[in-house]
Amino acid sequence: MKQRSYALLAAATGTVLALTACSSGGSSGSGSGGGEPVTDGTFKLALVADPGALNPLMTAASPAHQLARLSYDYLLHPDPDTGVTKPWLAEKWEETTTSASFTIRDGVTCTDGSALTAQTVADNVNFITNAANKSALRGVYAPATASATADPATRTVTVTTPEPSPFLLLNLARIPIMCEAGLKDPTAANKTTFGSGMFQMTEAVANDHYSYIRRDGYNWGPDGTTSDTAGVPKNVVASIITNNSTAANQVLSGDLNAAAVSGPDQDRMNAANLDTVKQPAPAGEMFFNHSPGNPTSDPAVRKALVQALNLDDLAEIFTAGRGTRSTTMVSIEPRACIYDSVAGNLPDFDTSAAAATLESAGWKVGADGKRSKDGTPLRIRMVYETFGDATDAAADVAVNAWNDLGATVELTSGDSNKILDVALSGKDNTAWDVVWEPINVALPSMLVPFLSGPVPAAGMNFASISNPAYDAAVTKASGLTGEDACAAWADAESEIIKANSAVPFADKITTLYFNNAGLAFGRNFIGSALRLYQ
């Protein structure tokens, strides 16, 4: 399956949620390396694209944010396995629905030797929210209406919003914290690094490589990581390797220590028994149009169409055997909440039950084997973005299953621009019945405009969903924090899935492969997580 970012729907909001989120994620533990730690080695990794301008507060490009993790620190470290939030720059924190406060570690320094203080953190937030600065993170990681203040005596920064902001604390924890020199000269930060992270950039050769050196005296990484921790490399070289097979070859030969590999090349990588870290992203999600007059506005039709599909097989085909069944609509890491909103909320695969569901709802089979109700044929118009042979094959499986059920299915595929025009332009919100296109989000609150509210072109509710139970659960969840909020958001998402309004069925898996290397924590190339082994 062609490697690409499933960014369409989230990007259509005018934000950069998908662009920055797609480089994150994972569903398995960190690579361990398996050997004795190497002292003062060079960690060589691959990036699939050049980052361009490097300032992570000003760009939404995934490669730039991948590189930022090497040299910038973050307020907190959400554990991708447990969802537990751990200290990083902040040693303590508190939150309400309208505020988040962080107590910043004492002794954190920047690459120029200056101290990184609570004031520095506050200045980051205020830089992002200042519309004049045109930060790509405004309204995404920092609410546009947020403001921050610092108390130097207690090393505390407090961020407040005039209205409740779901997951304010964890949104702020996604910000790569820039040192004062970079805030004062954002253009300079496009060419080098101004962070407090484990590594400092020493060389930037566009479209070729970016080199880093370890900072002595770094002692504030997650899980107690310091610059003296065994296996932490002395140097890091991030090479731009756009060809998936080339990256795979170089990891296998030892020319690279790590690279993300997807598609058919994974077969030979897996055969080499390398250490791996899995990175899932939404791939297969189907939405049913609730517009009055569309057949999928009938709950019985939606249920029957789902009952007619073997979603396990469909996920296997859709991902060419290299993915997994979805358990949530929110699979981009680091997730604020870890839950399964799918299990027990979708009808079982049963073609006989699917036929019975339609029969009982008045959709009768005619002499031609096709169903109709009150003279209206069961005509299903399915639209999907094609990503290659695997997605085309999966679409054919769905069409055949629905044809066998007695529907007449019209299949349309196209590139992202075509799907955007059909589903989100607002030209004709009734022009489709089923669309396959995932929404890339890391927070359940980000789904709200897609699953409720105004329809295109006035809003983003492209499936015209109206679900009072979902709306009530969202209202409840928006007034909570912590584990209580996660439970409420899981309930909200479950209401959408129980109504067969949206069905997440497949996550694609990109795998990080490691040769004599690994990650001590997390599932990204975080500077203080990199380790080299014999």
Practice task
List the steps and the verdict of side-chain hydrogen bond (donor to acceptor under 3.5 Å, both in side chains) for Thr328 and Glu493.
Solution key: CA-CA 8 Å; Thr328 173; Glu493 189 175 314; 2.9 Å; yes
Practice task
Could you label the plane-to-plane angle of the Phe525 and Phe514 rings as parallel, tilted or perpendicular, counting under 30° as parallel and over 60° as perpendicular?
Solution key: perpendicular
Exercise for the section: Using the ring pair (Phe, Tyr, Trp, His ring centres under 6.0 Å) rule, collect all pairs that involve residues 218-265, keeping only residues at least two apart or in two chains. Expected result: Tyr218-Trp220
Practice task
Scan Phe287, Phe387, Phe505 and name whichever one has a ring pair (Phe, Tyr, Trp, His ring centres under 6.0 Å) with Trp436.
Solution key: Phe505
Fill in the blank from the handout: In Asp265, Asn270, Asp275, Thr276, the residue satisfying side chain to side chain donor-acceptor pair (under 3.5 Å) with Tyr513 is Asn270
Exercise for the section: Ignoring hydrogens and angles, state whether a donor on the side chain of Thr511 or Gln266 is under 3.5 Å from an acceptor on the partner side chain. Expected result: yes
Exercise for the section: Only counting residues at least two apart or in another chain, list the ones meeting side chain to side chain donor-acceptor pair (under 3.5 Å) with Asn130. Expected result: none
Handout entry: Nearest-0.5 Å distance, CG of residue Asn219 to CE of residue Met198
Key = 9.5 Å
Problem - Pairs meeting criterion disulfide bond (SG atoms under 2.5 Å apart) with involvement of residues 171-261, two or more places apart - result: Cys110-Cys179
Exercise for the section: Sorted by first residue and then second, give each side-chain hydrogen bond (donor to acceptor under 3.5 Å, both in side chains) pair with at least one member in residues 187-198; sequence neighbours left out. Expected result: Asp73-Ser196
Handout entry: Any donor-acceptor N/O pair, Asp79 side chain to Val84 backbone, under 3.5 Å
Key = no
Practice task
Could you tell me whether Lys44 and Asp255 make a salt bridge, using a distance below 4.0 angstrom between a side-chain N and a carboxylate O?
Solution key: no
Problem - Gln119: side chain to side chain donor-acceptor pair (under 3.5 Å) partners, not counting sequence neighbours - result: Asp123
Practice task
Indicate the atoms forming the closest heavy-atom contact of Arg523 with Pro80, along with that distance.
Solution key: NH1-CB, 2.7 Å
Exercise for the section: May I ask you to decide if Asn515's main-chain N or O and Asn257's side chain share a donor-acceptor pair within less than 3.5 Å? Expected result: yes
Problem - Pairing residues for Thr42 by the side chain to side chain donor-acceptor pair (under 3.5 Å) criterion, not counting sequence neighbours - result: none
Fill in the blank from the handout: Paired with Arg155, the side chain to side chain contact (heavy atoms under 4.5 Å, CB included) test is passed by just one of Thr117, Asp106, Val121, Val108, namely Asp106
